[in-house]
Each structure stands twice: as C-alpha cells, then as structure tokens.
Amino acid sequence: MEDPEAQPGEDPVIKPLNLDHHFAESPAESVTKVAKPGKSSEAAKPKVSAPANSTRKRSDTRNGSELSSGFARSTVSSSLRSSNSVAVTRRNSTGGLSEKSSASTARQQNNTSSIAGKKPSTLLATESVRRSLPELRGSSLSSSATKLTPRANLSETRKSVPVSPVGRSLSTSTASGTSIQKTLRKSTVKPSSSASSSLKKISSSSLDSTASSASKKTISKVSSPITRSPTVSSGLRSGSLSSSLDRSSNLSGRKKAATPESRDSHFIVLPQVEIKAGDDVRLDLRGHRVRNLNAGGLNLSPNLEFVYLRDNLLSTLEGVEILTRVKVLDLSFNDFKGPGFEPLANCKALQQLYLAGNQITSLISLPQLPNLEFLSVAQNKLKSLAMASQPRLQVLAASKNRISTLKGFPYLPVLEHLRVEENPILKMPHLEAASILLVGPTLKKFNDRDLSRDELALAKRYPTHTALCIRDGWEFSRPEHAADSTFRFLFEQWKDHFPPGYLLKEASIDKPFEEDACRCHIVFVQESTLSIDSDIILKYKWFLGERTLSNFTAIPDVNGEVYWPKHEDINKILKVECIPVLGETEYPSIFAISSPVTRGNGIPKVVNLEVHGELVEGNVIKGHAKVAWCGGTPGKGVASWLRKRWNSSPVVIAGAEDEEYQLTLDDIDSSLVFMYTPVTEEGAKGEPQYKYTDFVKAAAPSVNNVRIVGDAVEGNVIRGVGNYFGGREGPSKFEWLRENKETGDFLIVTSGTPEYTLTKEDVGRRLAFVYIPINFEGQEGESVSIVSGTVRQAPPKVTNVKIIGDLRENSKITVTGAVMGGTEGSSRVQWFKTNSSTLNGENELEAMSTSKVAKAFRIPLGAVGCYIVAKYTPMTPNGESGESVYVITERVVETLPPSLNFLSITGDYSEGGILTASYGYIGGQEGKSIYNWYLHEVENDMGTLIHEVSGLLQYRVTKDAIGKFISFQCIPVRDDGIVGEPRTCLGQERIRPGSPRLLALQIVGDAVEGTILSVEKNYWGGEEGDSVFRWFQTSSDGSQCEIRGASGSSYMPTVDDIGFFISVSCEPVRNDWARGPIVLSEQIGPIVAGPPTCQSLEFLGSIMEGQRLSFTASYIGGERGDCLHEWFRLKANGIKEKLSSDEFIDLTLDDVGRSIELVYTPIRKDGIKGNSRSIISDEISPADPVGLALVIPDCHQNQEIVPLKTYFGGQEGVGKYTWHRTKTKPNGLVLTDISSSSEDVMCGQTFTYTPSLEDVGAYLVLQWLPTRVDGQSGKPLVAISSSAVIPAPPAVSSVHVKQLTSGIYSGEGEYSGGYEGSSLFSWYRETSDGTIILINGANYKTYEVTDADYNSRLLFGFR
C-alpha cells in the first residue's frame, strides 16, 4: 500500500535522514493497543480533522476494498502467533516489554481473541506510536503528553479511532504520523492539541526502540485480501482500530526467543519499510531464513535501493557488492561476526546501514561509505569502534556492546548523535567530554540526551591534540593533567626515533591570532653524557585543518618557525610537522597542534623593525616595519627619524617623516632612531616601536657644484666656491690657472685662496679654478675644476651716490647718483639694512629687496633701528654693468610708539582645548610684549590671573577654568623698553567641561596571591564622580570572566586567581553622572601563589583541665597543603615539651598551672613552608575535684581491700574515706545517704580496709569525698562491694596438746576462716620406731589415755 499522502505518479524516493523528525514505526511489526476512551460516550466518538478524513479516503480508494468494521474480537496474524511457540536460542528483533505493559502482553500472547482483557493499565494508541518512533534530535517528553487511560473493553475498542500507518522510512515525512496523532489524541486530550506538536514532544529516549512493537501491541484481523502493507479502516463509524500485516513479516514458522538480550529494544533501531517504493527498487525478505546472498531466487539486482534482510541466517556479505544503488540496507539480527565488510565498498550510495543484533566483534573492515548517514551496530560484541572514516555519518548507535576503549575511534566530521549505553566504557570518567573531543563541534546528543554544559566546558580545557592521543590509546585524565600527560604519551611514541643523543623538551604552538605571528616551539636538548659533532637542524612544514583534526592540507611556502594566520584561517587548526636532521640523516617527524585561530583585535603591532642602508653621510637609508595587522585593514603607518648623539637623548629630526631618510653632516658620529607607529585604515593605532642604528660615518671628502662667483671683469675680485661634502671640511686646497691663448693650456697663476683679483693680463682669457677637498682629518678627495668665461674690460662707474628722504618707519626714501659710462635709467639699485654705521662689505648686509631699476623704497618695520644701505650698480644701455657703489644713511631709522591694531582669541572653549591669542603690533621693533590670561566668574569682573601661562600666546584649558570666562591681555613693548597701552580680549563663551575619559589606567602591585592590587589612573573631563570598576580573571587560553564582588579600586587576589591574569576596567563617571568610554587595563599576572602564611591563629575551647583545646587558623598562600601544627607544654624552667601534632589536645592534670603553646607552620600543597606562627595560652586552671570512679574489689576476710578510684580535678589532696558495713545490699537511693542508715555500721575511715570476722556475710560500703590539694572538695562518691565479704578459707594454727588431768589430755588450736562449724578432731599414737597409728574412736577434743598408749607419743589432729 502506498503512503496515504503520496500523490499519483510520484516516484518513490528515499529522503535524506532528517534528524529534526522522528522515525515511523514498522507496520509489519507493530500491533496496536486501544485504550479506554473515557467515561463519556461522546469522548469515544471524536471528530477527525479534514486531513485525516482525506487521508482515509485516499487510502480506501487505493486499497480497492474496505476493512471490516464490526468484528466481535480481534485476532493476531500468524507471524505474531508464532511468538507463543517454543523459543529458539537466536536473537530476534521482537524487542522487550516495559514494566507497565508486561502483564497485558503476556495475556495477549496466550489469548489473542481479546484486545484488552483485564489488563489493569493500558497505553493509548498515541503513546504506543510515541514509543515506536525513534527520535534522533527531538526534545524531551513534554509534560503535556497524552495521559494513560486505565481500562478498555471490547465494545469500547469498537468505538476507538482507526490508525493510519506512520511514515515510509527512517526519515519519512510526518504527514501520516500527523494523521495518527490528530485521530488518537482527539479521543483523549483537548481538541486544540495539534499533531505537529505531538510529534515534537516525543521523548528522545525512543531512539533505537521500535523493535518492541510486536510484543507491545495487538492488531485486528483484516478482511481485505490485500496484505502487502498496512491499511486504514474504512470509516470512523466502525470504531475499530485495525491494520494489516506486511506479508514479509511472516517469519515462516521461526520461533523467537524472549531472552533478556533480545527484549531490550530501547537500544535497537530498526528501519521502516519504504512502502512507496516499487518492487523494482525494494526487496523485503525479513524472517525468510536466508543464509546466502548468492542463493538462487534472492533476486538481488543493481537497481535495488531498499533492501530489508532482517531476522535471517546470513553470516557473510558476499554478493552484496551488486547493490550499487542501495540506500537503505537492513541486516539486523543475522549471524554476522565480522570482519568481512569489504563487499560494502561497492555500495557508494548507501545512506542507512542496520547491523544490530548480530555477533560482530570488529568494524575494522567496514570501508568508507561516502554517503552513509546512519549506522546502527547495537547489541553486538564490539570491543571498540575502530573503523574507516565516514565523512557524512550523522548518527552512530552502538549501545549494548562490549566497548571498553576509545582507541581507534574514527573521524566522523558531521556526527550529531552518539549512543554507547550499556558498554563497559561507561565506567570511564567524563566519557562524554572525551566523545566531544573526538567528534568535534557537530556533536549534539550523547546517549540520547543533550550535551551536558559541564562536559562541554570540561572538554574546552583539554589541549587541541587530545583527540589524536585518545585515538592512539592515551588514557583519559583530568584536564589539569592533560597537557603533561599527552606530551609524555606522544614522547613515548616518538622517543625511539629521536636523533641519537637528543631528547625532545617541548613541542607546542603559540595561541594563533589572525594576521599575527604564530610561533611553534620544537625544542630538542642534547644529552649531557654524549658528545655530538654536528648540530641538529629542524625542518618545518605547516598545515591547516578543520577543528575535527582532519583534512589537514599543507600551507605552501611556509617552512619556518613562524606562520602568520590569514583571515580565512579563523576557527581552523594549525599543525606543524618538524623533521629533525642530524648530519645528513633525516629522522621521522614530530608534530604540534594549535588551538583554533582566533580573530584579531584590530590593533596592529610591529613585529620587526629594520633599517636598511649604509650608514654613511649622504646615503639614503630606509626603515622597514613588519606589521601584524591583527584583523585590521593595512594602512600607512607614521614614521619619523630621531638623532641621538653620544650621551644625550634622541631629538626629532625636523621634516624627516618618511620611511626614507638621507644622512646629512649633522648625523655624523650620531646614532639614528627610526620610530614607526602602525595605523590601520580604520584608524586603530598600535604601539610605536623604535630601532636604533649604529653611528653614522662621514663620507669621503668631495665637492660638487664648483663655480666661480663674480663678474669676469677687469679689476673685479672673483671667488671660487663649491659644495663640500664628506664630514667637516679641513684645509682644502684652491688653485687659479690662466688660459694660454696660443696653446689652449691652463697654467697656474696662484694657489691657496679661493679669491682672485682680475688683472689686465686676464682680459680676453679664461681662468680655471681648481677645488681640492680635504676633510678635517686631512684626507684628500678628488679635485674638481671649473672654467670661467672670458675676462672683459672694466664696466661703467657711478659717483656722488646719496639717500634722500625721512628716515622713519614706513616712510619713502630715494637714492641718487651720477652715472658715468652708462645711463641713469638702466642702472639698478638694491636696498639693504645693517646695524653698523660703517660699511664692512656686503656679507654684513641683510637684503631688503632685489636689484631693481626703481630708485625709491618704503622703509619696512624690520628696518627700524638699523642703517639703510643702497647698492647702486651703473649699467650701460647694452647691459654692461659697472662697479656697484654702496651708500649708507647717517642715522638709524626711527620708529612709531608701540601699539596694537587688532587682538583676538580663537580655539576650542572646552576643557583640554587650546586657545590661541593673535594680535597686530606696530611701533618699531617689538620687544618682549607682556601676555597674560585671566579667568572670570562673570564677564565684567576683574578676573584671576593664570600664572602658569603668563607670557604665552596659547593656553590649554584646564579643569579649573570650567564654567568660567577667559580673557587675554597684551601689553605691547618695543625692543627699547617703551611700553604701549594694554589691550584685553574676552572669550566668546564659558569654558565647557570635557567628556570624561581616562588618559591612563594601570594596575599597581605584585601579581601575588594575598597582595593588594590597586588601580592607578589619570582621569580627565571635569570633576570626577564615582567611576565604575570591574575586575576580570583571564585564563591562559584567553577566556575571561568577571570576578564577582570585585568592584572597588583595589583587589586582593585569592587562591582562585592563581594561574590567571588579572585586569580591571574603569568606566569614568563625571560628578554630573556623565559617563565616558570604558577602558580596560593591561593584564597583570599570571597570579602566583604567595608564600604560605598564617594570617591569624586563635585557640578554641576552655583553658581548663579536662577540656578539649583546638584552634582556628586563617591561611593564604596558594592551595593549602598539610599544614603542621604542634602542641607544646611550657614548663617553669622554660623547657617546652611536645605533646601532639593533632588538630586538638585534651588538657590533663600535667597541664594544670602551665601554659600551652601552639606552633602553626603553613605549608602549601607543593610542600613549600611558610613562617611558623605561635600562640601561648594562659595557665591551665584545674577542674573542680570530681571522683570519676570508685570500685571496691572482691572482699575477703583478713585480706586488705585497696579500692580502685579515679580522681579528676587538679592535684589530688587527702580525701575523706568512710567504710560502712551493712547486712543488706543498699540500692541507689540509700547509697546517697549511707551515713544516716540505721542498719549500717561505720567500720573504718582509711583508704584501705581489712575485713574482720564481723564483716563476713555483710556488704561493705565506701564513701569517698574527693579533695583537691588546695582543700576544695567535690561531691562524695559512694561504692558498694559487688558481693558480701567472703570468709577466709578455714584454717587452724597453734595446735597443741594440753594435759587437763592425769591421763586426760585436751587438744587445743586457734581457728580462723569465718565462723567455725563442725571441725574434725583425731588422735594418733606414735611408737618409738616412728610409726603413727590412728586411734579409732578418738574423735573429740579430749582424750583419755589407755594402756596401749604407754611408751608412745600422742598426736592431736584438728581439721
């Protein structure tokens, strides 16, 4: 049957695995339970929405028949009835039972005629569908999911809603599923619930759970002859919930075992049969006992796209290579053991592969399948997941195996879901974090739940190369140990291939930033015990890869220790391979992997600064800066040159603001400084960097532009000049040569002077001037010569030259003279000024104009106080000039009174702005005019003088001027001291405060735990208010977090800050609440642990005998270790007796009257000890005297009793003891007042007591009054003997015979041992030979002598 939503003529296709939707239940295996609709009859007849009706109509049309609507009972198809047969040992795909439905399912297996029976709790059809839909990315089960209905009977079942099949494949559209949800949910929940929301609320725990559908649901017998695929009942009025079974689900009499292994369907994913696909592209042979894919009649063809071979007896894949177009391949519950997956290499189009429920032990032979998106290998015997890389795999279900290691875990660059429940590896700590590292950022779910935030955060703390180490068998450890542990792991792998005599010390890469230098650190160290001739050479090669540590491609032309990451490298991983070369032998490479490339901060910085060029006078040198633009657009930096002479500070060279600079004479014997500040196109400036050069040397002496100055006219003095170059000029040589008209040769005329006076002999000839440069050290350079023009005769002359006019500032004067040899109109005049009243040559004259024909001249201001000189040059009409004549005025030019013709203030009237005063001065040469700036509260007040800027034309507005007016006063002063009238200009507006900002911000203090860090800032912008501070903690990987509670201008680092960098931000706030930009300080750190210190130490407890004394200590100085605490007893002679090293001490009698000293030595976890700190207690006071125990041992007549007592309360004194004798054993009440008892007799008042005969059979009571040595007594303590006084063993002493009368003797003896009873007496006769004979009948104390006794001794026996 086709999907109810499929349109006519639509081609059957498999849709890509959509992880946002849910899997549909397999119709061939599902049986449906119908729950009791509820108490109301109307609830059993819900209205079905239009989409559900339309779906039903289309289904009825395609089926060509109508399902039975009036069954009295429901039956189960033969494929389901077979589950009651004798169980076999092979696993199957039937799945297990949940706890709530096990009883009902058992009844369904034994009696299929009833759909509900007497089951106490039945799931709704909606709940059944929900359990059968394996959801791969959906949300967890919503609290608004459909509730369970308690009971259902047959008649109610007839009224329930028909169910349409759900979906066509693992990623099928939710159209039919929507129909199910709408139909079923409307019978039990509010009509407003939509089908789409129902599907989205299906629990994600349903992944791999569809296999249990056969045993969880029942299905009505279908009357339609078509049994190929499930159908929908013909109408709602029938009220039956029924569907047909796919013919392929008939297991041909195979018996399924309900073993615990096969029942646990929670981890098994089984595919839906693609019911839209035609028979030409679909093959469904589930449960047909197929043993071989090459068997005849199997009909495998290259056109097949959907192949379902579940529940068969396959053990080899031979023959599967023909399926070149297969997209879904279900091989679950067969007899595969693996390896042997090589034939799958031909299945390039395979998207979904199901291998659950087999005996597979390894996936190492599984080839790379370029389109594989879903792989289920649950319920096998896999020990690892080692396999080829699967580039498009999104879901890997490997639950219920024997996986115990992550070694060989494949590269799965797009994996989103990973399931490994019920595997030994779950015992591995932080398995989820390890999986995140192995898979990469694409992983969204682990073991059917969203990734834990804690595990995600934990995974970020591991080095980037951790995943590679895990794949190679590294034992996963805590992140704080991972860096060292993984390095040691790699070291062990590489060490056998190191160059002999060398060991690897470091292999790492700096944290990479965009367009910033990233350096690798591969360090080999030489073993000290070996001698190696050649040095080791390291060859580098850089690679760029994805964050999954795969697809690394070589970066061309990067073979050094440094690489500059580009913009396109952001978020990618850098890898560098290093090949050590020793001699001519190349050894295997080692590698290092970086963290992801981070986007630059846009602030450029200079990485390297160089100056190219020879440092010789006259040469052009060029500064070259290598800049890391750090994400900014490269711009033109600011360059400048400074000159630094020996033992002085650098001075900026005016005009040297380009990267190129030509060395001059002033640079000789100086060092130049090239300063470069990088600037991006966005305007971001980096820190300026400096490069010092060596000292500049002088060039070899030379001369250029040699020329002859002066007219070559007879009588004139001409001068040879040239531009000397090459250090300071020394005694250079000069020569003058005259041309020989006949030969053309030049002969020397004079030497030693650059000047030469033309003579008559020179007329008509040329002169040559030779310049031989010599420097100050005497080095001679190459000579240069120049030839003059032909010397002419003398020019015309002028006489009687005068200056006429008023010699005052700005007046017009005129020069006159008599010209001979020329005309007045052609002559030229040039005006000069001089401070001397006499003419000493033109060198001392300052030109005020050029040579002109005009004879008049207006005296400028600059001539005031000077003499005016006119240079009169006569000239003929043909242009021949004569000798110039100079004339000077008799007095200096006078000036006008000093005054100002204008005064103004321009600039920015805000704090920090610059105001400039301008004025126009007249009245002679200006002297030191007086400038003053004033502040005014109001416009017309006198103002307050600003002393700091007196005498300056510029004023930078300070904070003191805010809100005030400003004025400038200028008093003109001539250079002769004459003072003019002062003039004042008032500013146009009041001074405004500047925007608050920080000019500087830094942290002051040591980066040591427990040391106070303070903020040092330079605030600008009005009066500062309560600026806002925030302190931050930055880890080594750059992640930053704010320190809670740290909002002041100082902060004391704690143990939590150790290893981190500390920075502070400040938001400047003006007192009117205006805020400025936030400034972040430079980081300080990393914070190191301070010396272990005990800040405070106090006793806890009472200073009294018998009390327990402990302490409290405040510790700083890194992570606390096992600190040492020692208790001492201070004796009177000053000797300390160590008592204990425990956390506490119990005060004893020995401590009374003495003091206790506690010595606390702080110890950090790394074993570093700090200074010990001790405290001494007051003297220990004794406790109140108390008798703790008093025991009378067994009492025997005539044996001294020594009571057992325990005293407490200082030094014991002489206590009071009273013994009493009582015939009856007193109880506790009587003991409290034993002395008042009438039956008791006091028998002793000493500590010990010897019972007498009177005490035999009586109980002894001892009353003890404990007394301290100072006489203080405590409460009396009374003890009673446990038994009465025991008499002593009967004994007799002093036995002798006493003669009473003649012939009558009496036996005497002293009896002891309690009261005497019937003692036994006997008499004996001792003969002369020593024989002792018992006298029979003599049993009394007295004995009368008989005849037999004569000559014998009588002996008396007393017993």
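Everything numeric in this text was worked out from a predicted model, so none of it was measured.
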**Student:** Do Phe1111 and Glu1143 have side chains that get closer than 4.5 Å, going by heavy atoms?
**Tutor:**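 Phe1111 reaches Glu1143 side chain to side chain.
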
**Student:** Quick one: do the Thr1346 and Asp1349 side chains pair a donor with an acceptor below 3.5 Å?
**Tutor:**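 Yes, because at least one side-chain N or O of Thr1346 sits under 3.5 Å from a partner of the opposite role on Asp1349.
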
**Student:** Looking at Pro1162 and Cys1123, what are the two nearest heavy atoms and their distance?
**Tutor:**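 That closest heavy-atom pairing would be CA-SG, 3.8 Å.
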
**Student:** So, do Tyr1217 and Lys1205 sit near enough that their side-chain heavy atoms are less than 4.5 Å apart?
**Tutor:**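 Yes - at least one pair of side-chain heavy atoms lies under 4.5 Å apart.
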
**Student:** Does a donor on one side chain sit under 3.5 Å from an acceptor on the other, for Gln1107 and Ser1102?
**Tutor:**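 No donor-acceptor contact under 3.5 Å links the two side chains.
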
**Student:** Taking side chain as C-beta onward, heavy atoms only, is Asp1122 less than 4.5 Å from Ile1163?
**Tutor:**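 No, too far: nothing below the 4.5 Å cut-off.
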
**Student:** In terms of heavy-atom contacts, does CG of Asn1171 have more than 12 from other residues, nucleotides or ligands at under 6.0 Å?
**Tutor:**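 Open.
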
**Student:** Any non-hydrogen side-chain atom of Lys383 less than 4.5 Å from a side-chain atom of Asn401?
**Tutor:**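 No; the side chains remain at least 4.5 Å from each other.
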
**Student:** Using 30° and 60° as the class boundaries, would you call the ring planes of Phe1358 and Phe1321 parallel, tilted or perpendicular?
**Tutor:**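 Ring orientation of Phe1358 relative to Phe1321: tilted.
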
**Student:** Minimum heavy-atom separation for Thr1267 to Gly1215, with atom names?
**Tutor:**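 Scanning both residues completely, I find the closest heavy atoms to be OG1-CA, 3.8 Å.
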
**Student:** Could you list the donor-acceptor pairs under 3.5 angstrom formed by side chains in residues 1284-1306, with sequence neighbours left out?
**Tutor:**
from    : atom 1 : to      : atom 2 : distance (Å)
His1296 : ND1    : Ser1294 : O      : 2.9
Gln1299 : NE2    : Thr1301 : O      : 3.4
Ser1306 : OG     : Glu1308 : OE2    : 3.0

**Student:** Do you know which two heavy atoms are closest between Thr1011 and Pro1053, and how far apart they sit?
**Tutor:**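 So the two residues come closest at O-CD, 2.8 Å.
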
**Student:** Using 0.5 Å steps for rounding, measure from the CD1 atom of Ile1201 to the OG1 atom of Thr1250.
**Tutor:**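 It comes to 7.5 Å.
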
**Student:** Between Ile1175 and Phe1099, is there a side-chain heavy-atom distance shorter than 4.5 Å?
**Tutor:**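 The answer is yes, as the side chains (C-beta and beyond) meet within the 4.5 Å cut-off.
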
**Student:** For residues 1128-1135, run the donor-acceptor check on the side chains, cut-off 3.5 Å, and write out each pair with its distance to 0.1 Å, sequence neighbours left out.
**Tutor:**
from    : atom 1 : to      : atom 2 : distance (Å)
Arg1129 : NE     : Asp1151 : OD1    : 2.5
Arg1129 : NH1    : Glu1137 : OE1    : 2.8
Arg1129 : NH2    : Asp1151 : OD1    : 3.0
Asn1133 : OD1    : Ile1135 : N      : 3.1

**Student:** Are the side chain of Ser1181 and the backbone N or O of Ile1103 linked by a donor-acceptor pair below 3.5 Å?
**Tutor:**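 Such a contact is found between Ser1181 side chain and Ile1103 backbone.
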
**Student:** Check Glu1126 with Lys1138, please: is the shortest side-chain N to carboxylate O separation under 4.0 Å?
**Tutor:**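 Looking at Glu1126 together with Lys1138, the answer is yes, because their closest N to O distance falls below 4.0 Å.
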
**Student:** Sequence neighbours left out, cut at 3.5 Å: what donor-acceptor pairs do the side chains of residues 1275-1282 make with other protein atoms?
**Tutor:**
from    : atom 1 : to      : atom 2 : distance (Å)
Ser1281 : OG     : Leu1260 : N      : 3.2
Ser1281 : OG     : Ser1283 : O      : 2.8

**Student:** Apply ring-ring contact (aromatic ring centres under 6.0 Å, His included) to His430 and Phe476, showing your working.
**Tutor:** CA-CA 8 Å; His430 301 293; Phe476 199 66; 7.2 Å; no

**Student:** Charged N to carboxylate O below 4.0 Å: is that the case for Arg1221 and Glu1254?
**Tutor:**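 Looking at Glu1254 together with Arg1221, the answer is yes, because their closest N to O distance falls below 4.0 Å.
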
**Student:** Going by the angle between their ring planes, with limits at 30° and 60°, are Trp1219 and Tyr1249 parallel, tilted or perpendicular?
**Tutor:**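 Taking Tyr1249 first and then Trp1219, their aromatic rings lie parallel (interplane angle under 30°).
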
**Student:** Between Glu475 (side chain only) and Ser485 (backbone N and O only), is there a donor and an acceptor less than 3.5 Å apart?
**Tutor:**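 No; zero donor-acceptor contacts below 3.5 Å.
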
**Student:** If you take all heavy atoms of Lys1223 and Tyr1259, which pair is closest and at what distance?
**Tutor:**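 Minimum heavy-atom contact is O-CD1, 3.8 Å.
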
**Student:** Check Ile1012 against Met1052 and note the closest heavy-atom contact, atom names and distance.
**Tutor:**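 Distance-wise, the nearest heavy atoms are CG1-CE, 3.6 Å.
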
**Student:** I'd like to check Val1159 versus His1125 (side-chain heavy atoms, cut-off strictly below 4.5 Å). Are they in contact?
**Tutor:**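 Side-chain contact under 4.5 Å: no.
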
**Student:** Taking atom types as modelled, find out whether Ser1141 and Trp1127 have a side-chain donor-acceptor pair closer than 3.5 angstrom.
**Tutor:**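 Absent: no donor and acceptor within the cut-off.
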
**Student:** Any chance the side chains of Ser1322 and Tyr1324 put a donor and an acceptor closer than 3.5 Å?
**Tutor:**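 Yes, a side-chain donor-acceptor pair sits under 3.5 Å.
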
**Student:** Is it the case that the side chains of Ser1140 and Asp1142 hold a donor-acceptor pair, with the cut-off being a distance below 3.5 Å and no angle test?
**Tutor:**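 Per modelled atom types, Asp1142 and Ser1140 side chains form a pair under 3.5 Å.
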
**Student:** Evaluate whether atom CG of Asp1166 has more than 12 neighbouring non-hydrogen atoms of other residues, nucleotides or ligands under 6.0 angstrom away.
**Tutor:**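 Yes, enclosed.
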
**Student:** Do Glu1119 and Arg1164 meet the salt-bridge criterion of a basic N to acidic O distance under 4.0 Å?
**Tutor:**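 Salt bridge: no.
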
**Student:** Just how far is it from atom OG1 of Thr1327 to atom CD1 of Ile1333, taken to the nearest 0.5 Å?
**Tutor:**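 Thr1327 OG1 to Ile1333 CD1: 5.5 Å, rounded to 0.5 Å.
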
**Student:** Would you say Lys407 has more than 12 foreign heavy atoms packed within less than 6.0 Å of its NZ?
**Tutor:**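 No, NZ of Lys407 has 12 or fewer neighbouring heavy atoms, counting only those of other groups under 6.0 Å.
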
**Student:** Does the side chain of Leu1109 come within less than 4.5 Å of Leu1100's, by heavy atoms?
**Tutor:**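 The answer is no, as the side chains (C-beta and beyond) never meet within the 4.5 Å cut-off.
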
**Student:** May I ask you to say whether Glu422 pairs ionically with Arg402, meaning some side-chain N is under 4.0 Å from a carboxylate O?
**Tutor:**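 A salt bridge is absent here (no side-chain N lies under 4.0 Å from a carboxylate O).
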
**Student:** Considering only NZ, NE, NH1 and NH2 on the basic side and carboxylate oxygens on the acidic side, decide whether Glu432 and Arg449 come within less than 4.0 Å.
**Tutor:**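 Answer for the salt bridge query: yes.
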
**Student:** So do Val420 and Leu431 actually touch side chain to side chain, heavy atoms under 4.5 Å?
**Tutor:**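 SC-SC contact between Leu431 and Val420 confirmed.
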
**Student:** Do you know which two heavy atoms are closest between Pro1266 and Gly1187, and how far apart they sit?
**Tutor:**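 Minimum heavy-atom contact is CG-N, 3.6 Å.
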
